[in-house]
Amino acid sequence: MHHIGKYVLVSQVVLAISLLAAQCDGPSGSSARPVAISGTSRLYEGTDCFTSHLRDERDFRFSVESGRTENRTINLKAEAGDTAEITLVVSNEASASGSQLVVASGSMDIVDDEYFIFDLSDERATVQFNGQATVSKLQPVTLVEAEGCAGDEVRVEIEVTVSMQPPPPAVAADPDLIIKPDTPECETRCTSLGEKYEECAASLCVGGEYPLLALKVLDSSDKSPGDTVSLTGEFGARGESLSVALAEERDGRLYHRHQLAVSSWENDHIVATIHEEVNVGLYQILLVYQVNFGEAARPVFIQGSETLPINVHSP
């Protein structure tokens, strides 16, 4: 940490994690589902452990299949040199009652950078945390609450909660054509919107507004309804209009058939679940943008990535 006169830069790290167990309220014996984890980590600097200014913030989401354990590392850094490395381990097991037993543990390693004019030794601290809960309702349950300071100048606060995840989205309605921007198809689609034509054409046909994202790898091309899919590529941050979809391919065109329930969206990795009511068959999986042109108009789906083949078959 840098010292300037009597002013001391102080770090505060606040980690808020929301663990959403992907299982609806139900009777004993209901099938086990993935746990969806979301969280935010923040790095603060200030004049003491209780006065702080936000310097770095990282959001993250990932899922844990039932019977599996996942590890994540979150790194934070301020321009002044203070850092924190957060290690999070989450396991998910189906309990005998049909609920999910979720266990969270980990540590936060904090480095208080003391270098400025003199090469002073950095102050370090490690804070351990752990907790568990059996989840059966939508209301959040606290798993972990912990805090600690390094050298009386760095404060760490951790809050971990878990709750049941709402059901995945319903099966999509009749298939809509998935438009490629800046093509004759966009003009045709906009014509059907009547009074919304000019707004639609300006949005879809100018090109460049909806970039084609890189979808590279699907974990398996053989899936069943209710399965989780793992996608690798270059996706960037998830915008409100972006989703993962199964599309039918007919006559060289794509038709939007089903939306997947996304439990984790990272820059290079997406985890999503196929709805249990999806019809078996051959599909193309891809990212799509959804644009709405008023309550009376059906949404317009715009192709957001290349496609990968996927066979959805009976379990």
Side-chain angles (χ1 to χ4, degrees), residues 19-38 61-68 92 94-95 97-100 135-138 163-179 215 218-231 238 240-251 253-265 269-292 295 297-305 307-315:
L19 306 182
L20 301 177
Q23 177 180 351
C24 312
D25 293 336
S28 175
S30 57
S31 60
R33 295 187 180 278
V35 172
I37 301 166
S38 63
R61 290 181 61 88
F62 62 94
S63 67
V64 184
E65 295 286 337
S66 186
R68 298 285 299 275
N92 175 28
S95 67
S97 65
S99 302
Q100 299 297 124
V135 185
S136 61
K137 297 180 180 180
L138 293 173
S163 65
M164 303 299 292
Q165 178 175 296
V171 177
D174 294 337
D176 284 296
L177 179 66
I178 297 176
I179 304 299
L215 173 57
L218 172 65
D219 61 336
S220 173
S221 58
D222 289 311
K223 296 289 183 178
S224 298
D227 281 354
T228 296
V229 299
S230 176
L231 305 172
R238 184 184 184 184
E240 293 183 359
S241 65
L242 272 171
S243 61
V244 182
L246 296 182
E248 292 180 351
E249 188 173 18
R250 302 198 305 263
D251 301 325
R253 295 184 174 186
L254 294 172
Y255 293 84
H256 185 277
R257 176 56 79 175
H258 304 291
Q259 179 180 338
L260 278 65
V262 174
S263 58
S264 171
W265 188 297
H269 185 221
I270 296 174
V271 177
T273 302
I274 302 173
H275 196 277
E276 292 180 348
E277 297 182 11
V278 166
N279 296 327
V280 298
L282 297 175
Y283 295 93
Q284 297 289 323
I285 191 168
L286 75 161
L287 306 183
V288 295
Y289 299 92
Q290 179 176 326
V291 182
N292 300 305
E295 296 180 0
R298 295 179 66 166
V300 176
F301 295 102
I302 304 168
Q303 185 168 351
S305 74
T307 65
L308 293 174
I310 181 171
N311 177 28
V312 180
H313 54 78
S314 299

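Start at 1 with the first residue, then count along the sequence. Computed from heavy atoms alone, side chains included, the values below leave out hydrogens, waters and symmetry copies.
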What is the minimum heavy-atom distance between [X] and [Y], and which atoms define it?
X	Y	value
G226	T273	O-CG2, 3.6 Å
P225	V312	CD-CG1, 3.7 Å
P299	N292	CB-OD1, 3.3 Å

What distance separates [X] [atom1] from [Y] [atom2], expressed to the nearest 0.5 Å?
X	Y	atom1	atom2	result
L215	L308	CG	CG	4.0 Å
D222	N311	CG	CG	5.5 Å
K223	I285	NZ	CD1	9.0 Å
W265	L231	CH2	CG	8.5 Å
H256	I178	NE2	CD1	6.0 Å
E248	L177	CD	CG	12.0 Å

request  = Among D227, L286, L282, I274, find the one that has a side-chain contact (heavy atoms from CB on, under 4.5 Å) with I310.
outcome  =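 Answer to the side-chain contact (heavy atoms from CB on, under 4.5 Å) test with I310 among D227, L286, L282, I274: I274.
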key: Test side-chain contact (heavy atoms from CB on, under 4.5 Å) applied to R238 and I270, L287, V262, V244, the passing residue   =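 Exactly one option meets the side-chain contact (heavy atoms from CB on, under 4.5 Å) with R238, and it is V262.
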task = Fit a plane to each ring of Y283 and H258, take the angle between them on a 0 to 90° scale, and name the class: parallel (under 30°), tilted (30 to 60°) or perpendicular (over 60°).
result =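 Ring orientation of Y283 relative to H258: perpendicular.
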query = Do the side chain of S224 and the main chain of H313 share a donor and acceptor less than 3.5 angstrom apart?
reply =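 Yes: the side chain of S224 pairs with the backbone of H313.
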ask   = Are side-chain heavy atoms of Y255 and D176 found at a separation under 4.5 Å?
value =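 Contact flag for Y255/D176 side chains = no.
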key: Contact check, side chains of V291 and S241, non-hydrogen atoms, under 4.5 Å   =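 When only atoms from C-beta onward are counted, S241 and V291 do not touch, as no gap falls below 4.5 Å.
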query = Who pairs with S230 by side chain to side chain contact (heavy atoms under 4.5 Å, CB included), at least two apart in sequence or on another chain?
reply =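 Side chain to side chain contact (heavy atoms under 4.5 Å, CB included) check on S230 returns D219, H269.
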